[in-house]
Amino acid sequence: MPLHVNVQKVIKKVLSYTRKGWDHIIPSLVELGFKLIDRKSSSILPRRRSKTLTPVVKLLSFELNVEDRETFPSSINTVWQGAEILRCLFLHHKVVRKELIEQILFRIISGENPAASLEILRGIASEDLLSFLDFLQNIKDTLDYISFMQPEVAVRFIQILKPLLFHKKDLKDYVIMVLRKCMFKHELNIRLVATKGFLTLFETASGETFALSQGSQSTTASNSEDHEFFLQALSIIRRCLSQQPEIRVEMYAGLTRLFLKHEELQSFILDLLKPQLLRYFEQDTSCPRPLRLENCVTATGELGEPVAQLLLAIFTCLCDSTSKLKKITPSYQLVKTAVKSIAKRVLQLNIEDYDFITPRSADPSDVEKKKIGTQIDILRGVTESCMEYCVHKASSNGEEIGLTGLGWVQKLVALENKLRDFKEVITECIL
């Protein structure tokens with residue numbers, strides 16, 4: 001083939017001919033499409049243990065302009081071209097749809113090319129939802145394997161199913177059932193899948209769902225379903241807040257997003273976060289220590305409560321300038337008072353105020369040293385969270401707490417540097 005020939009245009013032209021009588025080449029095009037998306041997978045697509053799918057998904061997105069794709073590396077263009085072939089074949093040829101769906105779903109389950117397969121599935125779901133609905137049983141079968149997927153793959157898969165969930169209540173119920181089963185597993189990764197999956201369902205729910213479920217007295221079928229979903233959400237959130245720290249970190253971030261998106265849930269979310277904060281908040285204002293860090297660490301020295309992420313979530317909620325939350329609610333007033341007290345005492349804090357600076361014994365054990373290191377990490381995270389809060393307060397027209405924004409940041413940076421240096425000393429002692 002001459003070098004000046006544009007291969008993409010040739011393939012596009014061949015695909016157009018398959019709708020005009022060239023049916024005999026369709027099996028070969030299916031094989032070509034899968035070979036192209038498999039060819040460079042080891043070098044450009046994330047493996048099963050990859051932390052993110054975002055870069056590849058953005059590069060494969062069918063919504064990008066062709067001109068943008070011409071600037072991609074050749075390996076990315078190869079995968080994109082294969083994905084485009086498979087997507088076009090599904091949209092225009094009913095005879096190969098079953099095979100394509102089975103192959104794509106198999107790759108998602110097995111972890112081979114999850115990003116490319118998910119993006120093909122997203123293109124199919126967004127462009128031909130009616131045809132996609134014909135494969136509900138295949139989708140349900142795939143959901144049964146969701147606990148074996150990496151959290152990012154599983155969440156992306158549920159996000160792709162979002163258009164179907166609005167039209168098929170039985171599919172939504174099935175997703176909820178599968179995620180509830182995952183929530184009761186012991187493995188952390190499986191629980192993370194369930195947590196992120198439920199958060200995806202909560203975030204895609206309409207505001208009316210939560211509003212009706214909380215305030216409506218109607219007994220219509222629609223409102224009854226909304227109320228049932230709200231109760232399930234409440235049960236799952238409360239369960240997550242009592243599980244591993246990694247689960248709570250994810251839930252705190254998800255509750256923050258829900259707070260910013262759904263005004264109907266703002267008071268409810270603060271009611272959930274309030275007892276979590278008060279469990280570690282030192283209410284005695286004469287005490288220079290704002291938090292009971294010893295309660296945030298397990299007996300073996302591991303992190304027990306990600307209080308820094310909890311504070312960041314609360315800070316973000318309270319600093320939301322668009323919030324229409326009533327200021328007179330008891331939860332709001334109590335949380336606001338606690339947050340101001342924490343921020344003020346952190347600004348005035350000396351690391352000598354905490355007992356871990358002077359160990360109880362002359363020769364502390366490795367476990368005690370590990371506890372000290374964990375408490376220092378927690379306090380560093382709290383310092384960073386307070387830094388974000390103080391910067392936001394200094395740049396807004398809200399209440400001041402006595403110092404300029406620059407002064408706040410300087411104090412917090414100095415405290416963080418001291419904690420970092422002290423952590424290095426503790427680490428050397430453990431090693």
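Because the structure is predicted, anything quoted here is derived from the model rather than measured.
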Salt bridge present between [X] and [Y] (N-O < 4.0 angstrom):
X: Arg87; Y: Glu119; answer: no
X: Glu187; Y: Arg191; answer: no
X: Glu282; Y: Arg292; answer: yes
X: Glu305; Y: Arg279; answer: no
X: Asp134; Y: Lys98; answer: no
X: Asp144; Y: Lys181; answer: no

Test item: [X] side-chain N/O and [Y] main-chain N/O as donor-acceptor pair under 3.5 Å:
X: Ser341; Y: Thr337; answer: no
X: Thr374; Y: Gly301; answer: yes
X: Ser385; Y: Ala308; answer: yes
X: Arg289; Y: Val346; answer: no
X: Ser117; Y: Pro114; answer: no

Could you grab the distance from atom [atom1] of [X] to atom [atom2] of [Y], nearest 0.5 Å is fine?
X: Phe132; Y: Arg97; atom1: CZ; atom2: CZ; value: 12.0 Å
X: Leu260; Y: Thr256; atom1: CG; atom2: OG1; value: 7.0 Å
X: Leu265; Y: Leu272; atom1: CG; atom2: CG; value: 9.5 Å
X: Glu99; Y: Glu31; atom1: CD; atom2: CD; value: 9.5 Å
X: Leu379; Y: Cys386; atom1: CG; atom2: SG; value: 9.0 Å
X: Leu15; Y: His93; atom1: CG; atom2: NE2; value: 7.0 Å

Using side-chain heavy atoms (C-beta onward) and a distance below 4.5 Å, is [X] in contact with [Y]?
X: Ile237; Y: Phe202; value: yes
X: Val153; Y: Gln150; value: yes
X: Leu291; Y: Leu311; value: yes
X: Leu86; Y: Phe34; value: yes
X: Ile139; Y: Phe157; value: yes
X: Ile101; Y: Leu121; value: yes
X: Tyr252; Y: Leu312; value: no
X: Leu278; Y: Lys274; value: yes

Of all heavy-atom pairs between [X] and [Y], which one has the smallest distance, and what is that distance?
X: Lys371; Y: Ala299; value: CE-O, 3.1 Å
X: Ser131; Y: Phe90; value: CB-CE2, 4.1 Å
X: Leu192; Y: Glu246; value: CD2-O, 3.9 Å
X: Met149; Y: Val193; value: O-CG2, 3.8 Å
X: Cys240; Y: Met183; value: SG-CE, 3.5 Å
X: Ile158; Y: Gly197; value: CD1-CA, 3.7 Å

Quiz item: Within 45 degrees of the axis of the six-membered ring of Phe198 and under 6.0 Å from its centre: does Arg239 put its NZ or CZ there?
Solution: no

Quiz item: Going through the distances and angles, do Val335 and Ile314 end up as a side chain to side chain contact (heavy atoms under 4.5 Å, CB included)?
Solution: CA-CA 8 Å; Val335 171; Ile314 294 176; 3.4 Å; yes

Quiz prompt | Test log, rule side chain to side chain contact (heavy atoms under 4.5 Å, CB included), inputs Leu164 and Lys172 | solution = CA-CA 8 Å; Leu164 279 71; Lys172 182 177 180 180; over 6 Å; no

Exercise. Show your reasoning for whether side chain to side chain contact (heavy atoms under 4.5 Å, CB included) applies to Ile236 and Ile176.
Key: CA-CA 10 Å; Ile236 292 300; Ile176 292 174; over 6 Å; no

Exercise. Report the C-alpha distance between Lys169 and Asp173 in whole Å, list the side-chain angles of each, state the deciding distance to 0.1 Å, and finish with yes or no for salt bridge (Lys or Arg N to Asp or Glu O under 4.0 Å).
Key: CA-CA 6 Å; Lys169 183 182 181 299; Asp173 293 339; 2.7 Å; yes

Taking atom [atom1] of [X] as the centre, report whether more than 12 heavy atoms of other residues, nucleotides or ligands fall under 6.0 Å from it.
X: Tyr145; atom1: OH; value: no
X: Lys162; atom1: NZ; value: no
X: Lys185; atom1: NZ; value: no

Quiz prompt | The single option from Ile120, Val14, Leu36, Val30 passing side chain to side chain contact (heavy atoms under 4.5 Å, CB included) against Ile85 | solution =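 One option only clears the test, and that one is Leu36.
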
Practice problem: Applying side chain to side chain contact (heavy atoms under 4.5 Å, CB included), run through Gln243 and Met251 and close with a yes or a no. | Solution: CA-CA 10 Å; Gln243 292 192 351; Met251 183 54 66; over 6 Å; no

For [X] and [Y], which I'm curious about, is there any donor-acceptor pair between the side chains at under 3.5 Å?
X: Asp271; Y: Tyr332; answer: no
X: Gln244; Y: Arg248; answer: no
X: His92; Y: Thr18; answer: no

